[in-house]
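Everything on this sheet refers to the single structure shown next.
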Amino acid sequence: MFLAEEAAQAASKFDSFDIFVILFTIVIAIGVVRLLGAVKKNPFAIGFGSISLIVFLIMDVVMVMNWMDKL
């Protein structure tokens with residue numbers, strides 16, 4: 001029983017931290033969209049948010065590729 005549980009754990013590529021990465025990506029995307037739609041633009045915040053969004057999107061792509069054993 002212990003060996004079967006260990007084999008199932010080794011085969012799983014999903015981590016509980018992955019949920020937080022996806023949620024942070026959504027929150028950053030909402031923030032960037034709101035910044036772009038604001039009347040008074042803050043270029044520093046738009047740039048920082050855009051770079052953060054790009055980094056998190058790349059992390060999401062790598063994470064999903066790992067789930068699908070493409071890495």
For residues Asp69 and Lys13, report the shortest heavy-atom separation together with the two atoms involved.
-> OD1-CE, 3.0 Å

Do Val32 and Ile46 pass the side chain to side chain contact (heavy atoms under 4.5 Å, CB included) test, and can you show the C-alpha distance, the side-chain angles, and the key distance before you say yes or no?
-> CA-CA 6 Å; Val32 169; Ile46 292 171; 5.7 Å; no

Answer with yes or no whether the hydrophobic clustering places Phe56 together with Leu23; edges join I, L, V, M, F, W, Y residues whose side-chain heavy atoms lie under 4.5 Å apart.
-> yes

ILVMFWY cluster, Val64 and Val55 together (side-chain gap under 4.5 Å) | yes

Between atom CE of Met59 and atom CD1 of Ile22, what is the distance when rounded to the nearest 0.5 Å?
-> 10.0 Å

Which atom of Leu53 lies closest to which atom of Thr25, heavy atoms considered | CD1-O, 3.8 Å

Going only through I, L, V, M, F, W and Y residues with side-chain contacts under 4.5 Å, is there a path from Leu57 to Val62?
-> no

Where is the tightest heavy-atom contact between Phe14 and Ile19, given as atom of each residue plus distance?
-> CZ-CG1, 3.7 Å

Separation between CZ (Phe48) and CG (Asn42), nearest 0.5 Å, reads 12.0 Å

Phe20 reachable from Ile58 in the ILVMFWY side-chain graph, under 4.5 Å edges = no

What's the spacing between Ser50 OG and Ile28 CD1 if we round to 0.5 Å?
-> 10.5 Å

Are side-chain heavy atoms of Leu35 and Lys41 found at a separation under 4.5 Å?
-> no

Joint cluster assignment, Ile54 & Phe44, ILVMFWY side-chain distance < 4.5 Å = no

Does the side chain of Met63 come within less than 4.5 Å of Asn66's, by heavy atoms?
-> no

Does atom CZ of Phe24 have more than 12 heavy-atom neighbours, drawn from other residues, nucleotides or ligands, at distances under 6.0 Å?
-> no

